[in-house]
Amino acid sequence: PTPDDLLVVRQLVKRYGGLLATDHADLSVRSGEIHALIGPNGAGKTTLIHQLSGTVAPTSGHIAFAGQDITHQPMHQRVHHGLVRSYQITSVFLRLPVLDNLALAVQARSGSSLRFWQPARAERARYAEAAAVAERVGLGAVLQRTAGALSHGEQRQLEVGLALALRPRLLLLDEPMAGMGPDESHRMVELLASLRGETTLLLVEHDMDAVFRLADRISALVSGRVIATGTPDAIRQDAAVRKAYLGDE
Ligand code: ATP
């Protein structure tokens, strides 16, 4: 590991009965980069993300974040330290306007409990920050629209905003382009690219065009193992990746 490594995964194993969903995986994510995780269906991408966010406990191995061993840390502590995973908006949030959704996320970060009465100044600051995040993710024109009334692409943008409101040092995204048409996916690529330098991204994505346009580095996962990590060009030319993932002989 180098001092630039924000996340370091060493010899991580997740066993389900006889199956190694994660098979001694090694992975490093550098501070400030956009890192994509690719691999065929069932390669173990989602399982790896779950172990990083803290929803699945590894069988063995180590995960370090910002120099601290977090292998057994609960999810809320990881979030507190800046390791944040984006989630699909839940049903309650679908009934709330974009701005209120984001204001709740800002509130969650500050850790103060929701009270009926808030000092007016704190309330204004919270909503101003929520509006800035909405602007940041391209939803500045639909602040009062309920999340449920947004298009599919806009809902995914809001999800990125909800995660950003927590001010992540590392943002984990599981298939941010899933189910999107070309325009929506283009907008998401632009949004994620604009986060470069502001935060660090680790994303799982099946849309290879998006991955190769966006990523600084790519790691290829096959049968739970990271078989290669490199720049998009290096991954494109990697013989093991071509054979295992792209189907080349
Ligand atoms: P996809 O691209 O299709 O989403 P993936 O790369 O994300 O796939 P995972 O969903 O992580 O792959 O699954 C990896 C392997 O682990 C698969 O064989 C899957 O069936 C298995 N697996 C995942 N979760 C469990 C579980 N809770 N119990 C048993 N097996 C599981």
Side-chain angles (χ1 to χ4, degrees), residues 7-29 33-65 70-75 78 83-90 152-153 155-156 159-160 163 168 170-182 184-185 188-189 192 200-215 217-230 232 235-236 238 240-248:
L7 179 82
V8 179
V9 174
R10 284 287 168 261
Q11 294 293 296
L12 201 68
V13 172
K14 180 64 194 180
R15 178 184 287 280
Y16 289 115
L19 174 85
L20 289 177
T22 310
D23 185 3
H24 300 88
D26 289 325
L27 177 74
S28 306
V29 177
E33 76 175 345
I34 299 181
H35 197 118
L37 200 55
I38 65 169
N41 288 336
K45 304 180 293 296
T46 300
T47 301
L48 184 53
I49 294 289
H50 281 313
Q51 290 172 93
L52 299 180
S53 63
T55 49
V56 164
T59 303
S60 62
H62 299 278
I63 306 168
F65 179 67
I70 61 157
T71 315
H72 304 291
Q73 215 174 57
M75 181 161 72
R78 300 183 197 208
L83 178 51
V84 172
R85 178 176 169 195
S86 171
Y87 279 100
Q88 291 216 332
I89 307 167
T90 57
H152 175 81
Q155 287 189 356
R156 302 287 89 80
E159 285 161 8
V160 172
L170 174 61
L171 178 55
L172 307 172
L173 298 168
D174 197 356
E175 301 195 33
M177 267 64 105
M180 287 189 174
E184 288 178 326
S185 129
M188 183 56 80
V189 168
L192 297 181
T200 306
L201 292 181
L202 176 61
L203 63 126
V204 167
E205 186 50 57
H206 281 286
D207 178 342
M208 284 304 117
D209 283 348
V211 163
F212 281 99
R213 263 186 295 156
L214 197 54
R217 293 196 306 153
I218 298 171
S219 291
L221 202 62
V222 175
S223 306
R225 284 186 307 116
V226 177
I227 62 163
T229 292
I235 290 296
R236 231 186 239 114
D238 188 283
V241 174
R242 296 183 76 98
K243 186 160 186 290
Y245 184 64
L246 304 168
D248 283 16

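It should be emphasised that the depicted structure is a prediction, and the values quoted were computed from it without experimental measurement. Note that ligands are numbered from 1 as they come in the structure, with each ligand's atoms numbered from 1 the same way. Index from 1, following the sequence. Only this structure's heavy atoms are used, side chains among them; waters, hydrogens and symmetry mates stay out.
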Using only atom types and a distance under 3.5 Å, with no angle test, would you say the side chain of [X] pairs donor to acceptor with the backbone of [Y]?
X: Thr71; Y: Ile63; answer: yes
X: Glu205; Y: Met177; answer: yes
X: His152; Y: Ala178; answer: yes
X: Ser53; Y: Arg85; answer: no

Apply the side chain to side chain contact (heavy atoms under 4.5 Å, CB included) test between Gln51 and each candidate in Leu12, Thr59, Val13; give the one that qualifies.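 Exactly one pass, corresponding to Leu12.
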Show the atom names and distances, to 0.1 Å, of all donor-acceptor pairs under 3.5 Å that link a side chain in residues 42-49 to residues at least two apart or in another chain.
from: Lys45; atom 1: NZ; to: Gly39; atom 2: O; distance (Å): 2.9
from: Lys45; atom 1: NZ; to: Pro40; atom 2: O; distance (Å): 3.1
from: Thr46; atom 1: OG1; to: Asp174; atom 2: OD2; distance (Å): 3.4

Under 4.0 Å from ligand 1 - residues by heavy atom, chain and number: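 Residues within 4.0 Å of ligand 1: Tyr16, Leu19, Ala21, Pro40, Asn41, Gly42, Ala43, Gly44, Lys45, Thr46, Thr47, His206.
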